[in-house]
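Residue numbers begin at 1 in each chain, while the letters A, B, ... track the order of the sequences. Since this is a predicted model, take the numbers as computed values, not measurements.
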Amino acid sequence: MRRRVAVVLLILSLAAPLGAQQANPFTGGPPRERMEEERSEQRPRGGGGSSFALRLARTQGELQQQMAGFIRALNGERSALIWAYLLGFGVLYGVVHTLLPGHRKTVLFSYFLTEEATPWHGVVAGFGLGLLHVATAVVIVVGSYTLIEISINAAISQANYYIQQASAWLIVALGSVFLVSKIRHLFDHRRAHAAGEDHHARGEDHRPHRPAGCPRREGRRSRLSLPAIILSGLVPCPGSTVVLLFSLSLGILHVGIATVAAISLGMAVTLSVLAVATILLKHAILEREGRFGHFLHHGVEIGAAAVMLLFGVALVLAPPL
Amino acid sequence: MRSLAVVALLTISLSSLAAHPHVWIDSRTEVYFDGDRLDRLVHHWTFDELFSQSVLLDYDTNRNQRIEEAERRQIEANAFSNLRYYDYFTHLVLGGREVQVSEVEDFDARVEGTRLVYTFTIPLDLAVERGWQRIAVGVWDATYFVEVSYASPGVAVYGAREAGVEIDLALRENPAEAYWGGIITPREIRLAYRRAR
């Protein structure tokens, strides 16, 4: 039943009206909020904010410029050393780039807090998302270049816009399905307790594979849900897009594709580590026994599903790049 | 439960951060005095190589790494004028009042080495008076799509001495305008000027 609901929602979400704007300031039309509105709030901010993200962002910028240098060096020259540097920097760039906001980390995090999964699922999700994120960029850039006569930058903006909206609606759909399912599970659980099945009194906890006293709807993790989460990564990686455009401009697209393959590997590593850490966190939460463990278990699952839903709504309303 | 709250806060705050930069600009601003008027600001923006080449891929149609007039017009129409929605990343404060930069003039694009350079003028036409007057000009993109750094030097003033204008020039941080979740504190050019004679 749940799988059927998920399929219907998925189809509905992909067909949903798509409406928001571009975010590239050079080509993308007006931003959602004009700058003067943002500036009118004159409250002092800053100070105390961590500069770690900023340092990451700047490191990323330097890595990107380094890659540009190596790609340019490979234009007309064959050097195994430069190739090695380029691919190495690509992997590093993928790791750093993925640590910065975006790349569906919120979805991954909330998904693995909501659903039960093994670390292996985390690795599959990380690699799946990383690969898809970069592959989308390749398809869009190469597709725009070969099929479309108008400005390639404009074509890419256009394609990104629809894909991001579709992905955002998919996340809304998944968040809704998980939320409804987890709330239903909570009620089923309560009903089971009311019927006198008190496994807590028997000292049983909420770990997977416990006795049948506690209904385990979440144990039947839909086979559709993990691929759907990976599918939500169907947004083109902006970092890979610029690298591909750059290599296209030099007429050495194959170098660009090799570079973004390295980037996707680095990205997969970061996403997998994050996913596995989340899964282990969830397992640690499930270790808690007694009523508090119960409360924590349901709270985390429902809360994480709600976060995913809210994140999807936020993306629909104001899609990031 | 507390861990859940932390997780929720973390994810929400992360998702509210704008995307990280994809374009880098080295910015230099020239301030021109003309007679007894503060006439104009001229921005020179040198882009990073990746963005430069992606623009050239589209608009350097004859692939000669030079921008001819027809190409310049295309770049202006398709990869510059949209910045009007962003006030051309220019945060201008005249005498304590924020002023929206809605019109710019004399857009030019050229290639220096492998990098694209945009130049454009913001007309001011302000009378220079005997008392100190102040303007602040900052260049930053609050959406952080673009990271703007000031070139070295980031600002130059022309025509002040000839016009008998005394100036006081500084590049200062403005914490009140911190962006990207308050992490990045932009710097702005602060210029005080008055008629010296």
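- Using a 4.5 Å heavy-atom cut-off against chain A, the contacting residues of residues 114-124 of chain B are B:Thr114, B:Tyr118.
- In this structure, the portions of B:Glu49 lying under 4.5 Å from any heavy atom of chain A include both its backbone and its side chain.
- Of the two parts of B:Leu50, the backbone and the side chain both hold a non-hydrogen atom closer than 4.5 Å to a non-hydrogen atom of chain A.
- For CZ of B:Arg110, the number of neighbouring non-hydrogen atoms (other residues, nucleotides, ligands) closer than 6.0 Å is greater than 12.
- Aromatic ring centroids of B:Phe107 and B:Tyr88 lie 6.0 Å or more apart.
- Salt bridge present: A:Lys282 and A:Glu301 bring a charged side-chain N and a carboxylate O closer than 4.0 Å.
- Annotation: side chain of A:Val307 is not in contact with side chain of A:Leu310 (no heavy-atom distance under 4.5 Å).
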Item to complete: Run the numbers on B:Glu69 and B:Arg73 for salt bridge (charged side-chain N to carboxylate O under 4.0 Å, His left out), then give the verdict.
Response: CA-CA 6 Å; B:Glu69 176 54 22; B:Arg73 277 201 301 270; 3.2 Å; yes
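- Using a 4.5 Å heavy-atom cutoff, the side chains of B:Glu68 and B:Glu71 are in contact.
- We find that B:Arg72 and B:Glu76 are joined by a salt bridge, their nearest charged nitrogen and carboxylate oxygen being less than 4.0 Å apart.
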